[in-house]
Amino acid sequence: MGANEVTDVELRQNEPQDENVVWHPHAVTRADREAGNGHRGVVLWFTGLSGSGKSTVAGALEQALHAHGVSTYLLDGDNVRHGLCRDLGFSDDDRRENIRRVGEVAKLMVDAGLVVLTAFISPHRAERRMVRELLDDGQFVEVFVDTPLAICEARDPKGLYKKARAGELRNFTGIDSVYEAPEAPDVHLKGEQLVTKLVAQLLDVLRGQAIIKP
């Protein structure tokens, strides 16, 4: 088993250990909320290198969905680390916990009937699979923003690649920390293409899967 694999024991450790902690079903169901919203609840999980365009595409898609009356929420990697995950660093263990927390929040938002967009590097396949397994079939759509490293590094919107190349930033994905690209993503985007084209591709997918109405 690889160093980044998540075991059944690790997953069980995240479950409540106190027998007094009991799940309470709600009278208003996800189906009720989805019916009120006029669309299904789903997570669109954007993954890719830093500078690949994840946040840009996710933000543009959210604008398009909002214009069509779709109830959405965008969870962005940097924003989450300002609050929910502000206590975490960038070790493999901390990255795993970061994704676990985001996955649990996204699951609650799907239960609320929202289309949830997440923009995280999420470099390890095991963590992405962990989030997929939190959700019901069809509720997790892995979107791989596939942008060549050279293009990401040329963009370098935060100056992080420059710092990583200078040795000022350690464990940076794509330089001295591995990125495990999806082997069979639900949606494969070529990140060097125009954002409008990528958004149109995603809207076609959402309509084709009956997540939103034609």
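Being a predicted model, the structure only gives us computed values, none of them experimental. Throughout, numbering of the chain's residues begins at 1 and tracks the sequence.
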Determine, stepwise, if the pair L75 / V105 fulfils side chain to side chain contact (heavy atoms under 4.5 Å, CB included). CA-CA 9 Å; L75 292 168; V105 170; 4.2 Å; yes
I would like to know whether V57 and L202 meet side chain to side chain contact (heavy atoms under 4.5 Å, CB included); could you show each step before the answer? CA-CA 10 Å; V57 177; L202 287 162; 3.8 Å; yes
Apply side chain to side chain contact (heavy atoms under 4.5 Å, CB included) to the pair L117 and Y73, showing each step before the final yes or no. CA-CA 6 Å; L117 306 96; Y73 198 86; over 6 Å; no
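Side-chain atoms of V178 and H124, non-hydrogen and from C-beta on, do get closer than 4.5 Å to each other. Looking only at side-chain heavy atoms (C-beta outward), T29 and D32 come within less than 4.5 Å of each other. With a 4.5 Å cut-off on side-chain heavy atoms, R207 and K213 do not count as touching. Looking only at side-chain heavy atoms (C-beta outward), L189 and F144 stay at 4.5 Å or farther from each other. Counting heavy atoms from C-beta on, the side chains of N37 and V115 never come closer than 4.5 Å. Side-chain contact between Q139 and R30 is present, with heavy atoms from C-beta onward closer than 4.5 Å. A 4.5 Å side-chain heavy-atom check between R101 and E104 finds every atom pair outside the cut-off. Taking the side chain as every heavy atom from C-beta outward, V110 and V116 approach each other to under 4.5 Å.
Between R40 and Q209, the closest heavy-atom pair is NH1-O, 2.8 Å. Listed here is the closest heavy atom pair of R132 and D186: NH2-OD2, 2.9 Å. Of all non-hydrogen atoms in T147 and S52, the two that sit nearest each other are OG1-O, 2.8 Å. The two atoms that bring Y179 and S122 nearest to each other are CE1-O, 4.2 Å, heavy atoms only. Nearest heavy atoms, T173 versus P123: CG2-CB, 4.0 Å. The minimum heavy-atom distance linking R95 with F90 is given by the pair NE-O, 3.3 Å.
Residue D176 holds its CG atom at 7.5 Å from CG of L169, rounded to the nearest 0.5 Å. A distance of 8.0 Å separates CD in Q201 from NZ in K197, rounded to the nearest 0.5 Å. In this structure, the separation between CD1 on I121 and OG on S177 is 9.0 Å, given to the nearest 0.5 Å. Rounding to the nearest 0.5 Å places CG of N98 at 14.0 Å from CZ of R86. Interatomic distance, CG of L61 versus OG1 of T56, reported as 12.5 Å (0.5 Å rounding).
Counted by atom type alone, S55 and D76 present one or more donor-acceptor pairs between their side chains at under 3.5 Å.
Below 30°, between 30° and 60°, or above 60°: for F120 and W45 the angle between ring planes is below 30°, a parallel geometry.
In the hydrophobic clustering of this structure, V80 does not group with L88; members are Ile, Leu, Val, Met, Phe, Trp, Tyr whose side-chain heavy atoms approach within less than 4.5 Å, directly or through other members. Neither I175 nor V145 shares a network with the other; the hydrophobic side chains, linked directly or stepwise wherever heavy atoms of I, L, V, M, F, W or Y lie under 4.5 Å apart, form separate groups for each. A chain of hydrophobic side-chain contacts below 4.5 Å, direct or via other Ile, Leu, Val, Met, Phe, Trp or Tyr residues, connects V195 to V205. With hydrophobic clusters built from ILVMFWY side chains whose heavy atoms lie under 4.5 angstrom apart, L44 does not share a cluster with L135. Note on V131 and V187: separate hydrophobic clusters, where clusters join Ile, Leu, Val, Met, Phe, Trp and Tyr whose side-chain heavy atoms are under 4.5 Å apart, directly or indirectly.
With hydrogens and angles disregarded, no donor-acceptor distance shorter than 3.5 Å links the side chain of K54 to the backbone of T47. Between the side chain of D93 and the backbone N or O of E97, no donor-acceptor pair lies under 3.5 Å. A side-chain donor-acceptor contact under 3.5 Å links E180 to the backbone of R125. Remark: side-chain polar atoms of D156 are paired, donor with acceptor, to backbone N or O of K162 under 3.5 angstrom. In this structure a side-chain-to-backbone donor-acceptor pair under 3.5 Å is missing from E153 to Y161.
With respect to the salt-bridge test (charged N to carboxylate O, under 4.0 angstrom), the residues D111 and R33 qualify. Between R128 and E142 there is a salt bridge, since at least one side-chain N of the basic residue sits less than 4.0 Å from a carboxylate O of the acidic one.
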Using a 3.5 Å cut-off and no angle test, enumerate the donor-acceptor pairs between side-chain atoms of residues 62-71 and protein atoms at least two apart in sequence or in another chain.
from	atom 1	to	atom 2	distance (Å)
E62	OE2	T72	OG1	2.9
E62	OE2	L74	N	3.4
H68	ND1	A64	O	2.7

